[in-house]
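Have a look at the structure below before the remarks.
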Amino acid sequence: MLPPSTSASGCPSDPRPLVIFGIPGAANSSSALVAALGASPRSQSSTFVTCAQPSAALSMADGYARVSGRPGVCVLADASVAPNAATALLVEREGESSALLVVVQGEERLVAIDGRLHPWPGWGLTGVDGIRDRVRDAQSAELRAHERQLQAVLGSVRPLLVLGAGARQALDDPRDPALSAARMRRLMDIVERHALPVVTSPRAKGIFPESHAMSLGCHGVNNEWFTRYVRRGISSLLIVGARPARGAARGREFGLEPGAPVIHAAAGPAEPDDGAGETTRVLVEPALFLDEFVRCAAQAHPSRHAAERQRAFPDSIKRSERWSGRIERTSLNTPLKPQRVMSELQAILTHHAGCKGGVNLFCEVGNALGWVSEHLTLETPHRFWCSARAGSAGWACGAVIGSKLADPERPALAVLGQHALFAHAEELSEAVKHRVGALWLVLNEETRESTGGSSRDDVSRLALELGAEVHDVRLPGALVRRFDDALSAAGEHSRPQVLVVHVDGDEVPAVPHSWRRSPMMRWVS
């Protein structure tokens, strides 16, 4: 048992009850939880949320961990389902820092940190921080040896800073928002001083303000700013918290010049390189690396190339909007163009009074992620997470529930396609049971091959049968009005709200660079 003065989260001053996620049967016996957490799922200090599927329980625990900064706890009754349910999620989380504690009754308890499983080392959840501290101490000793390589990156003609999902904890840590904000300010000062262009991976979208003068947004084949900058080749590359592909593929992705110096900093091992560039690998926590990079850059004088980039950037790179498809963004056609839907969602996130304090936004793999990454500009106070692999389909549907339980005062929104909702739709009934007022924005695709009106309303009927309130969006401009109704109803009734937006399924987004392109490929939501 934990000492009386220590909470189940391992933080004496944290009064919040612990939220535990699991499948029916896992709550029958509390012995494993008593041993692991010092709290029973039926105690006053914890809430037990049952889920229909093990993968949904893991998704909810994952969303809870990402938003709260506390480890997400998932309890499974059968040890055989734990590895299968966790595989896709752990691959998805690789390189990220929030922790997931999987408790299997009668079996060894495991904690996933940075996408890798570790034996759980001690009582309560303080063991998670113990693992992090040991790793951090071992990494900090080697950082200063790379100062010369960092200066070479800053002094090159066309450098590029790539921020991956592993850098999220450094720049947006819910456990210490003041430290994260200070680190972001220091990084932005360096970016402005050295005119260092910044691009994020799709999974890291929004961790660096996309409205910043040196931001290229989220890299992808439809990002015109990014394409213009890399067209003539990148002379140096600094990658923090991302897992680049093998050398040749990475060269195509970022337009690397032959022999270009590359610094890859991540908490885990990188893909093997096959000779493209002189790669310096730094196996270190991104927060430590960014602190060392800022210290080194603050001592270095900006090169003459920095002044040239600062003058040329507005005219040569950012002379027009980042995205293509500007006609579709103002289209009045029905079914709605997805580009138009993203334009209206952008207006909501920017101007709606209920979103001024920020929205926890989750996006599902597939066409939904393609549209969001291309056509949405994100920055603080909004926070964004996505799944980027087909094995984690339906992740956002559960993660948004966990996020709302972690932060009830902040709007929680999942953007997904109808097939992703069908994968985990039964969890809507759990949201009804626990009075979770989260929002699901479902891109209900209607193609030329769609037959009859009944198939188009399957999503609405299913959500209603599961107890959610449904808001149909069929006309241009209706999303803004219906979103306001849904957000008000979510707050007043504490009930899940599903916005079913009928979109043109024959419109297909350009996939990001990190995904394999094929002219015959159509991503399924």
Side-chain angles (χ1 to χ4, degrees), residues 66-69 95-98 132 136 139-140 143-144 146-147 150-151 153-155 159-201 203-219 225 238-242 263 265-267 282 284-303 306-307 309-310 313-314 317-318 349-350 355-361 377-385 407 410:
R66 291 175 189 254
V67 169
S68 68
E96 298 193 52
S97 298
S98 54
R132 285 198 181 107
R136 190 179 297 114
Q139 292 170 345
S140 59
L143 275 175
R144 291 182 182 270
H146 301 287
E147 186 167 332
L150 291 174
Q151 291 176 347
V153 168
L154 290 169
L160 180 65
L161 171 61
V162 181
L163 296 176
R168 181 178 298 279
Q169 200 76 21
L171 300 174
D172 182 20
D173 189 351
R175 297 172 301 172
D176 196 343
L179 177 61
S180 295
R183 183 177 287 120
M184 175 61 79
R185 286 195 300 270
R186 293 195 295 268
L187 177 62
M188 290 174 65
D189 288 344
I190 294 303
V191 165
E192 293 166 4
R193 180 183 179 189
H194 291 273
L196 179 61
V198 182
V199 69
T200 68
S201 69
R203 291 171 58 212
K205 183 177 176 65
I207 64 172
F208 188 87
E210 293 189 321
S211 62
H212 191 277
M214 298 308 298
S215 172
L216 295 175
C218 173
H219 75 73
W225 293 351
L238 179 61
I239 305 171
V240 183
I263 298 179
V282 185
V284 65
E285 190 175 273
L288 286 176
F289 181 85
L290 286 173
D291 289 342
E292 178 65 16
F293 170 67
V294 167
R295 182 197 65 81
C296 175
Q299 297 175 354
H301 292 290
S303 69
R309 286 193 301 273
Q310 212 157 29
F313 220 69
I317 304 299
K318 306 181 82 170
L349 295 177
T350 305
C355 300
K356 289 295 186 182
V359 173
N360 291 325
L361 179 61
T377 298
L378 292 176
E379 57 188 70
T380 54
H382 302 304
R383 305 177 70 199
F384 175 81
W385 297 268
D407 188 357
R410 191 178 174 108

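Because the structure is a prediction, the values reported are computed rather than measured.
- Side-chain contact between Leu290 and Val240 is present, with heavy atoms from C-beta onward closer than 4.5 Å.
- In this structure, the side chains of Ile239 and Ile263 stay at 4.5 Å or more apart for every pair of heavy atoms.
- Contact record, Gly164 with Ala242: CA-CB, 3.7 Å, taken as the closest heavy-atom pair.
- Screening Glu379, Lys356, His382 for a side chain to side chain contact (heavy atoms under 4.5 Å, CB included) involving Leu349 leaves a single residue, His382.
- In plain terms, the two heavy atoms of Arg383 and Asp172 that are nearest each other are NE-OD2, 2.8 Å.
- A side chain to side chain contact (heavy atoms under 4.5 Å, CB included) with Ile190 holds for exactly one of Arg186, Met188, His194; it is His194.
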Chi angles and distances behind the side-chain contact (heavy atoms from CB on, under 4.5 Å) call for Val153, Phe293:
CA-CA 11 Å; Val153 168; Phe293 170 67; 5.6 Å; no
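- The heavy-atom pair separating Ala297 from Arg193 by the smallest distance is O-NH1, 3.7 Å.
- Note that CG of Leu361 is 9.5 Å distant from NZ of Lys205, once rounded to the nearest 0.5 Å.
- Looking only at side-chain heavy atoms (C-beta outward), Thr380 and Phe208 stay at 4.5 Å or farther from each other.
- The main-chain N or O of Ala195 is never found under 3.5 Å from a side-chain atom of Gln310 such that the two would form a donor-acceptor pair.
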For Leu238 and Leu160, what are the C-alpha separation, side-chain angles and deciding distance, and is it a side-chain contact (heavy atoms from CB on, under 4.5 Å)?
CA-CA 6 Å; Leu238 179 61; Leu160 180 65; over 6 Å; no
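- The two residues Pro197 and Pro159 come nearest to each other via the heavy atoms CD-O, 3.6 Å.
- When all heavy atoms are compared, the tightest approach of Pro177 to Pro174 is CD-O, 3.6 Å.
- Between Met214 and Leu196 there is no side-chain heavy-atom pair separated by less than 4.5 Å.
- The two residues Ala165 and Ala204 have their closest heavy-atom pair at N-CB, 3.6 Å.
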Tell me, with the steps shown, if Val199 and Trp225 meet side-chain contact (heavy atoms from CB on, under 4.5 Å).
CA-CA 10 Å; Val199 69; Trp225 293 351; over 6 Å; no
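- In this view, Arg410 satisfies the salt bridge (charged side-chain N to carboxylate O under 4.0 Å, His left out) rule with no residue, not counting sequence neighbours.
- We find the CD1-CZ distance between Ile317 and Arg309 to be 11.0 Å, quoted to the nearest 0.5 Å.
- Taking Glu192 as the reference, His212 meet the side-chain hydrogen bond (donor to acceptor under 3.5 Å, both in side chains) condition, with sequence neighbours excluded.
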Check against side-chain contact (heavy atoms from CB on, under 4.5 Å), Trp385 and Arg168:
CA-CA 10 Å; Trp385 297 268; Arg168 181 178 298 279; 3.4 Å; yes
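- With values rounded to the nearest 0.5 angstrom, Asp176 atom CG is found 8.5 Å from Arg183 atom CZ.
- Note that SG of Cys296 and CG of Asp291 are 13.0 Å apart. Values are rounded to the nearest 0.5 Å.
- A distance of 11.5 Å separates SG in Cys218 from CG in Leu163, rounded to the nearest 0.5 Å.
- Side-chain contact check for Val162 versus Thr200: every heavy-atom pair is 4.5 Å or farther apart.
- Using a 4.5 Å heavy-atom cutoff, the side chains of Phe313 and Leu216 are in contact.
- Annotation: side-chain contact (heavy atoms from CB on, under 4.5 Å) contacts of Asp173 (sequence neighbours excluded): Gln169, Arg175, Ser180.
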